[in-house]
Each structure stands twice: as structure tokens, then as C-alpha cells.
Amino acid sequence: MIVCVAVVGHQNNPLYLQSFTEADDALKLHHIVHCSLDVIDERVNNPKRSAPTLNETFLGLLYPTENYKVYGYLTNTKVKFIMVTTDLDVKDADARNFFRKFHAAYVDAVSNPFHVPGKKIASRSFGARVSTIVQSFGSGTTG
């Protein structure tokens, strides 16, 4: 089950953060998302990585915690998508599919002519679309 999703800008500014658990977990999940930014930066800036993997946008499992697993995705414009889940056995194909749908929803939201680039995403339709994507991931459907 996905418990939190986040969109973080290229300057590590939070653009969107939504948790799907109780309110008392929101701060803990925000901290987990913030800590995952260091892991993303380390993976992107690691000179030991080979050239073909640098073009990969799906970063995979960033790190596991005691109760959660954190997955990451990096766009060409250095916007980071982060997913925090309680599932212990998430398949990479399912996570990639989730991030593709999440990326498409993000592109639609920022393509709105009234959206100011670099500002938080306040679109209700984006929030509803993200909730639908999260629910479809949790139920195991692919579409």
C-alpha cells in the first residue's frame, strides 16, 4: 500500500506532498521524503555509475526503513518523484508503471497555463488523479 507520494523540484523544493495515512504519520513521512533526497543526489552524482544507467529515470528502491520502502524517479528536468510504501515485495515493473502514470499526471498539471513553474501544485484535479493512481496501485490493477 502506498502511504505517501511526493513531487520535489530541481532545487529540492517540495512541489506536492500527499500522505494516505493518519495525520500523526504525516510529519514522519515528510521526514522520510526529505531524507530520500540525499539518496537521490548521491545516486545521480555518483561518478562510479556507468553511462547507460545515468539515462534511466527510474531510480528503484532508494532505501528501506523498518516500516517503509522508498522508491524514486527522476525526470529529465531534475524533478524528483518519491513513493513511500508499506509493501515488502513491490515489483520494479509495478513501480515503473506507477511512476509513468504519476509523471503523466504531473505533466498535465504543470502544462496548465495558470500554473506558475516552481510553485506548489495546488490543482484539485491533480490531487484526485494521484489518488486514483495510488488506489489502482494498491488494488493490483494495471490500468
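- The shortest side-chain heavy-atom distance between Val8 and Ile82 falls under the 4.5 Å cut-off.
- Contact check for Lys101 versus Phe99: no side-chain heavy atoms found under the 4.5 Å cut-off.
- Atom CG of residue Asn97 and atom CG of residue Asp92 lie 12.5 Å apart, to the nearest 0.5 angstrom.
- The CD1 atom of Ile32 sits 10.0 Å away from the CG atom of Leu27 when rounded to the nearest 0.5 Å.
- The salt bridge (Lys or Arg N to Asp or Glu O under 4.0 Å) search around Asp108 returns Arg129, not counting sequence neighbours.
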(message) Assess the residue pair Ser19 and Thr21 against the criterion (side-chain hydrogen bond (donor to acceptor under 3.5 Å, both in side chains)); give the C-alpha distance rounded to whole Å, side-chain angles, the decisive distance to 0.1 Å, and a yes or no.
(response) CA-CA 6 Å; Ser19 62; Thr21 61; 4.7 Å; no
(request) Before giving the answer on side-chain hydrogen bond (donor to acceptor under 3.5 Å, both in side chains), spell out for Asn12 and Lys80 the whole-Å C-alpha distance, their side-chain angles and the decisive distance to 0.1 Å. (result) CA-CA 8 Å; Asn12 289 341; Lys80 301 154 196 82; 3.1 Å; yes
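- Using a 4.5 Å heavy-atom threshold, the side chains of Val44 and Leu74 count as touching.
- A centroid separation of less than 6.0 Å is found between the aromatic rings of Phe102 and Phe98.
- Distance alone, capped at 3.5 Å, places no donor-acceptor pair between the Arg96 side chain and the Phe58 backbone.
- Applying the salt bridge (Lys or Arg N to Asp or Glu O under 4.0 Å) rule to Arg100 yields no partners; only residues at least two apart in sequence or on another chain are considered.
- Note: Tyr106 OH to Tyr16 OH = 13.5 Å, rounded to the nearest 0.5 Å.
- Using a 4.5 Å cut-off on side-chain heavy atoms (C-beta onward), Val33 and Val84 make contact.
- The side chain to side chain donor-acceptor pair (under 3.5 Å) contacts involving residues 60-73 comprise Tyr73-His103, where partners must be two or more places apart or lie in separate chains.
- Between the CG atom in Asp41 and the OG atom in Ser36 there is a gap of 9.5 Å [rounded to 0.5 Å].
- Within 6.0 Å of atom NE2 in His30, 12 or fewer heavy atoms from other residues, nucleotides or ligands are found, so the atom counts as exposed in its surroundings.
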